[in-house]
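Just so it is clear, the model here is predicted, and its values are computed rather than measured.
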Amino acid sequence: MSPSATISEATFTITPMKKSSNDKHDYGAIVSDIDLNNINDIDVRHLADAIWTHKVIVVKGQKGLAPIKQWDLEDCFLNIAKHEVVGIPGAENVRLIGKGFQGEDHYGIKNKNITKPLSHDWHEKELPQDEFEKGNTRFQRWHMDAPLYGRDPAWFTTLRCIKRPTEPQVNIRWDDGSGLSMKVEPGLTAFISNVQMYEMMTEDEKKMADHSWVEYAPHPYMWIGDCKGNSNGLGLVSQGKEKELENLGDFDPKDIKTYPMVWVNPVTGEKAFQVHGICARRLFIRSSPTEEPRIVEDLVEIRKLLKIIQERVLKPEYILIPSLEEGDIVMWANYQMFHTAIDYPDWFGPRTMHQANIASSAGPVGPVPIPV
Ligand SMILES: [Fe+2]
């Protein structure tokens with residue numbers, strides 16, 4: 001993908017997201033004056049460039065968008081391999097996400113009531129239900145949308161807000177001893193930038209990250225199926241509950257994913273420290289192209305190493321939680337960011353979102369080649 005400078009101007013408007021004086025995040029933009037039902041090829045290119053450049057964009061006013069168009073748009077972005085998800089009738093690659101009653105007829109889905117367990121059952125130290133009911137919540141699980149086995153991760157994820165409660169605010173607690181918390185409207189998605197994370201690293205850490213790589217477990221989510229996460233949503237608690245590889249069923253060693261620690265943004269050239277720690281099984285650490293890598297297989301050591309780097313950016317001032325009105329679509333660069341859901345009590349009201357991931361035509365590329 002080449003930068004947009006080589007093609008004619010976009011017809012839509014891009015405005016950086018408003019920041020408060022405390023905010024230190026350096027990404028996020030609002031896209032307006034665009035109708036995704038009728039978008040031309042040039043604007044699709046500009047939109048893709050805008051996602052890579054601004055990392056998280058909110059496309060305003062797409063209330064009339066047909067679900068199939070959310071998918072078609074992604075079809076436009078790239079010539080992609082379609083993958084299976086349970087979805088909206090007629091647009092099966094668009095997934096319905098939400099909670100509560102979805103209406104008598106939601107694009108052909110009749111009288112659906114989405115009930116699910118408290119999302120915080122993922123945390124090793126669970127948030128007590130009575131505190132949750134009062135509006136206290138947590139970041140569920142920081143992640144990128146990535147199978148990390150077989151297929152490469154999607155470049156972008158798009159999430160259209162159909163309906164959500166806007167009040168009262170929830171109080172997000174870290175519950176990790178830091179005492180940190182932040183208040184926000186319910187039903188939104190939080191982001192941290194792994195580019196900012198990279199920029200916060202020391203020169204020695206950057207040199208190490210630039211030359212190192214990560215091997216993910218086969219069927220990684222099955223591998224961690226019995227594991228629990230930290231209260232701040234970042235990383236796993238090490239309890240030795242990872243499944244033995246022989247208990248993961250059949251897997252093809254060719255499908256095991258090995259990626260550079262650092263992923264380079266194809267449009268801006270920025271580097272992101274993009275390590276999905278919860279699925280990492282082995283690290284190969286070196287600080288130059290010629291050094292013999294040190295192989296780290298001890299999960300406690302892997303997680304300690306990652307936590308030191310990744311938690312630096314897990315502060316309210318670096319977290320962006322863009323507000324969404326009904327009809328807005330948030331789109332983000334999955335190769336640059338981590339995101340997480342933030343649950344809220346059922347009594348706040350139902351939530352309906354349509355999510356679609358855009359498969360990639362090219363996997364992540366590191367700053368230097370890795371010998372795998
Ligand atoms: Fe996700």
Side-chain angles (χ1 to χ4, degrees), residues 56 58 62-63 65 67 70-71 84-145 157-173 175 181-191 221 225 228-229 231-233 319-332 338-357:
V56 179
V58 172
Q62 305 302 310
K63 224 167 184 170
L65 186 71
Q70 194 175 350
W71 178 251
E84 280 180 41
V85 286
V86 179
I88 308 291
E92 277 75 12
N93 292 296
V94 177
R95 252 188 310 172
L96 173 64
I97 290 180
K99 72 190 295 177
F101 185 60
Q102 301 297 309
E104 284 174 13
D105 186 348
H106 180 76
Y107 296 102
I109 298 172
K110 305 273 168 68
N111 292 312
K112 177 97 181 148
N113 193 25
I114 301 178
T115 53
K116 50 180 189 179
L118 172 68
S119 69
H120 308 113
D121 62 358
W122 158 251
H123 297 144
E124 200 248 333
K125 291 194 189 88
E126 281 189 41
L127 180 69
Q129 186 66 24
D130 61 325
E131 292 180 39
F132 179 61
E133 289 298 332
K134 285 181 206 147
N136 295 292
T137 188
R138 289 179 181 164
F139 300 117
Q140 187 192 7
R141 171 151 106 175
W142 292 100
H143 67 282
M144 59 176 150
D145 293 333
T157 301
T158 67
L159 189 60
R160 179 161 70 126
C161 175
I162 312 286
K163 188 183 183 64
R164 73 172 177 95
T166 52
E167 55 183 9
Q169 287 191 321
V170 287
N171 180 42
I172 309 166
R173 299 196 323 215
D175 285 345
S181 66
M182 64 194 290
K183 286 198 166 66
V184 68
E185 287 174 24
L188 299 172
T189 304
F191 296 90
Y221 302 100
K228 295 284 187 183
S231 299
N232 62 16
I319 294 168
L320 176 67
I321 304 176
S323 185
L324 297 178
E325 293 177 312
E326 292 177 9
D328 292 351
I329 306 183
V330 59
M331 304 181 175
W332 65 89
F338 277 169
H339 64 278
T340 175
I342 306 161
D343 206 358
Y344 63 83
D346 292 352
W347 63 267
F348 283 26
R351 174 177 189 249
T352 305
M353 312 288 269
H354 286 178
Q355 177 173 323
N357 299 93

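A 4.5 Å side-chain heavy-atom check between W347 and E133 finds at least one atom pair inside the cut-off. Residues H354 and L96 meet the side-chain proximity criterion, which asks for heavy atoms closer than 4.5 Å. With contacts defined as side-chain heavy-atom distances shorter than 4.5 Å, the pair W332/F191 qualifies. Looking at heavy atoms from C-beta onward, T189 lies out of side-chain contact with I321 at the 4.5 angstrom threshold. For the pair H106 and I162, the minimum side-chain heavy-atom distance is below 4.5 Å.
Interatomic distance, CD1 of I172 versus OH of Y344, reported as 14.0 Å (0.5 Å rounding). Rounding to the nearest 0.5 Å places CG of L324 at 7.0 Å from CG of L159. Residue E167 holds its CD atom at 9.5 Å from CD of Q169, rounded to the nearest 0.5 Å. Once rounded to the nearest 0.5 Å, the distance linking CE of M144 with CZ of F338 reads 5.5 Å.
A salt bridge is defined here as a Lys NZ or Arg NE, NH1 or NH2 lying under 4.0 Å from an Asp or Glu carboxylate O, and E185 with R164 meets this definition. Using a 4.0 Å cut-off between charged side-chain N and carboxylate O, E131 and R173 make a salt bridge. Between R138 and D175 there is a salt bridge, since a side-chain N of the basic residue sits under 4.0 Å from a carboxylate O of the acidic one.
Between N357 and T157, the side chains place a donor N or O and an acceptor N or O closer than 3.5 Å (distance only, hydrogens not considered). Between the side chains of H339 and D145, at least one donor N or O lies within less than 3.5 Å of an accepting N or O. T352 and Q102 share a donor-acceptor pair across their side chains, judged by distance under 3.5 Å alone.
Here the closest non-hydrogen pair linking R141 and Y221 is NH2-CD2, 4.1 Å. Residues I114 and G98 share a closest heavy-atom pair of CG2-O, 3.4 Å. Minimum interatomic distance between P350 and P165 (heavy atoms only, all atoms of both residues): O-CD, 3.4 Å. L188 and S323 get closest at one heavy-atom pair: CD1-CA, 4.0 Å. Taking both residues in full, the closest heavy atoms of C161 and M353 are given as CA-SD, 3.6 Å, listed atom of the first, atom of the second, then distance.
A donor-acceptor pair under 3.5 Å is absent between the side-chain atoms of N171 and the main chain of K183, judged by distance alone. Put simply, the side chain of T137 gets close to the backbone of D343: a donor and an acceptor are under 3.5 Å apart. Listed for the R160 side chain is no donor-acceptor partner under 3.5 Å among the backbone atoms of Q355. One N or O on the side chain of K228 and one on the backbone of D121 form a donor-acceptor pair closer than 3.5 Å.
Ring planes of F139 and W142: tilted class, angle from 30 to 60°.
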Worksheet entry | Check against side-chain contact (heavy atoms from CB on, under 4.5 Å), V56 and V330 | CA-CA 7 Å; V56 179; V330 59; 3.7 Å; yes
Worksheet entry | Pair D328-Q62, side-chain contact (heavy atoms from CB on, under 4.5 Å): steps then yes or no | CA-CA 6 Å; D328 292 351; Q62 305 302 310; over 6 Å; no
Worksheet entry | Audit row: R351, K163, side-chain contact (heavy atoms from CB on, under 4.5 Å) steps and yes/no | CA-CA 5 Å; R351 174 177 189 249; K163 188 183 183 64; over 6 Å; no
